[in-house]
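Letters go in sequence order (proteins before strands), and every chain restarts at 1.
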Protein chains: 2
Amino acid sequence: MEPLYSITDLAREFKVTTRTIRYYEDKNLLSPKREGQRRIYGSRDHVRLRLIMRGKRLGFSIEEIQGLINLYDVDATESSQLYKFLEMIRQRQQALRQQQIDISETLSELDKREGECVALLGNTIDTGRRK
Amino acid sequence: MEPLYSITDLAREFKVTTRTIRYYEDKNLLSPKREGQRRIYGSRDHVRLRLIMRGKRLGFSIEEIQGLINLYDVDATESSQLYKFLEMIRQRQQALRQQQIDISETLSELDKREGECVALLGNTIDTGRRK
DNA sequence: CAAAAAGCTAACGTTCACGTAAAGTAAAGG
DNA sequence: CCTTTACTTTACGTGAACGTTAGCTTTTTG
């Protein structure tokens, strides 16, 4: 049996406000059932909210996240749309690969700066890093 | 001798408007020389603009990018600030590592979807991927 | 040399992603 | 039974990141 969530359940779990969750519904990213007037969220919404948060951490707009989620959702049966669909996937992949490059560049620069700092401060401080 | 750029030079190269470049100056991310009233950008500005664009691709706000650039810039001589500085570096690293995880998750999901698509379309289409 | 092109400041406009306040309903607890 | 507590809709407010328009100077080009 499916787990059910109230709006505050989700808000707590994902550390956002209820306003934010309703906003995503407004943008058609979530579509909870209703029990009277109240929103009831199922596991599908739970998954989607996780995808939304991940998208936000990657700096995507709601619209882009919308697109990404649809990539998972569409049961691509129509071959005419399938090609466009594939195009979109590849565009997304391309952007993500660029992000990977950007991150590793930035990280290696930060590592360098970190090394300098640690050297200046002496080795008294734990790096917080497991080797 | 240092290469020099006009505002439109930079705008063209980085595919942004001149307005955007002036906006970054307003936010103290760039500080071009002046020749009369005109802005003259040097290699320092050029580098900074590259860092800005990279930050934007990673979804950072101007303020965060500001912080990141300062991490490269600060000649951390004051040991009191050095620790705080190190803290900031580590926070940034943490966020970037999370982004790496998010990206690889997303990419592997997209790869899966891509595989499904390609299978449905037959192998007639080049993947655009060098092996 | 006149006109188009490039640059400038100043200021108002716009979109996104929510925050916040108002005003009402519904369920749960002391 | 009354009052918190949770939830609802509606609507105006807000900060970030520019877009756009206006009005003016400077430079380049046919």
So, using side chain to side chain contact (heavy atoms under 4.5 Å, CB included) as the criterion, who are the partners of A/R38 when residues are at least two apart? none
Using a heavy-atom distance cut-off of less than 4.0 Å, which residues of residues 7-17 of chain A contact DNA chain C? A/T17
Any pair counted as ring pair (Phe, Tyr, Trp, His ring centres under 6.0 Å), so long as it reaches residues 20-39 of chain A, sequence neighbours left out: none
Once salt bridge (charged side-chain N to carboxylate O under 4.0 Å, His left out) is applied, do any residues pair with A/R57, and if so which ones, sequence neighbours excluded? B/D102
Does B/S61 have any side chain to side chain contact (heavy atoms under 4.5 Å, CB included) partners at least two apart in sequence or in another chain, and if so, which? B/E63, B/E64
Between the protein and nucleotides 20-22 of chain D, list the N/O to N/O atom pairs that are separated by less than 3.5 angstrom.
| from | atom 1 | to | atom 2 | distance (Å) |
| --- | --- | --- | --- | --- |
| D/dT20 | O4 | B/R19 | NE | 3.2 |

The correct set of residues in residues 21-28 of chain A placing a heavy atom under 4.0 Å from DNA chain C is A/Y23, A/Y24
Taking for each residue the nucleotide of DNA chain D with the nearest heavy atom, is it B/T20 or A/R39 whose nucleotide lies nearer the 5' end? A/R39
For every nucleotide of nucleotides 24-30 of chain D, 5' to 3': is a protein heavy atom under 4.0 Å from its base (B), only from its sugar-phosphate (S), or from neither (-)? --BS---
Show the atom names and distances, to 0.1 Å, of all donor-acceptor pairs under 3.5 Å that link a side chain in residues 39-55 of chain B to residues at least two apart or in another chain.
| from | atom 1 | to | atom 2 | distance (Å) |
| --- | --- | --- | --- | --- |
| B/R39 | NE | B/E25 | OE1 | 2.6 |
| B/S43 | OG | B/E2 | OE2 | 3.0 |
| B/R44 | NH2 | B/D73 | OD2 | 3.1 |
| B/D45 | OD1 | B/S31 | N | 3.2 |
| B/D45 | OD2 | B/G42 | N | 3.2 |
| B/H46 | NE2 | B/E13 | OE1 | 3.1 |
| B/H46 | NE2 | B/E13 | OE2 | 2.8 |
| B/R48 | NH1 | B/L29 | O | 2.9 |
| B/R48 | NH2 | B/D73 | OD2 | 2.6 |
| B/R54 | NE | A/T106 | OG1 | 3.2 |
| B/R54 | NH1 | A/E105 | OE1 | 2.9 |
| B/R54 | NH1 | A/E109 | OE2 | 3.3 |
| B/R54 | NH2 | A/T106 | OG1 | 3.4 |
| B/R54 | NH2 | A/E109 | OE1 | 2.7 |
| B/R54 | NH2 | B/Y72 | OH | 3.2 |

Between B/L96 and A/L110, does a side-chain contact (heavy atoms from CB on, under 4.5 Å) hold up when you go through it step by step? CA-CA 10 Å; B/L96 288 171; A/L110 286 183; 3.8 Å; yes
Categorize B/S6 for me: base, sugar-phosphate, or nothing, with a 4.0 angstrom heavy-atom threshold over every strand shown. sugar-phosphate
Could you give the CZ-to-P distance, from A/R34 to D/dA6, as a whole number of Å? 19 Å
If the threshold is 4.0 Å, N to carboxylate O, is there a salt bridge linking A/E87 and A/K84? no
B/Q93 side chain to A/E114 main-chain N or O, any donor-acceptor pair under 3.5 Å? no
When every non-hydrogen atom of B/T18 is compared with those of B/I7, the smallest separation belongs to O-CD1, 3.7 Å
Check for a donor-acceptor pair, side chain of A/R113 on one end and backbone N or O of B/L71 on the other, with a separation under 3.5 Å. yes
Verdict with supporting geometry, A/Q100 and B/Q100, side-chain hydrogen bond (donor to acceptor under 3.5 Å, both in side chains): CA-CA 7 Å; A/Q100 283 185 323; B/Q100 283 185 324; over 6 Å; no
Between the side chain of B/Q66 and the main-chain N/O of B/K27, is any donor-acceptor distance below 3.5 Å? yes
How is the hydrophobic cluster of B/I101 composed, in terms of its other members, when Ile, Leu, Val, Met, Phe, Trp and Tyr link through side-chain heavy atoms under 4.5 Å apart, directly or indirectly? none
Here the distance between atom C1' of D/dC7 and atom CG of A/L4, to the nearest Å, is 17 Å
Ring pair (Phe, Tyr, Trp, His ring centres under 6.0 Å) pairs touching residues 91-110 of chain A, sequence neighbours excluded, are none
Is the backbone of B/S6 close enough, under 3.5 Å, to the side chain of B/D9 for a donor and an acceptor to pair up by distance? yes
Of the residues in residues 54-63 of chain B, which ones touch DNA chain D at a heavy-atom distance under 4.0 Å? B/K56, B/S61, B/I62
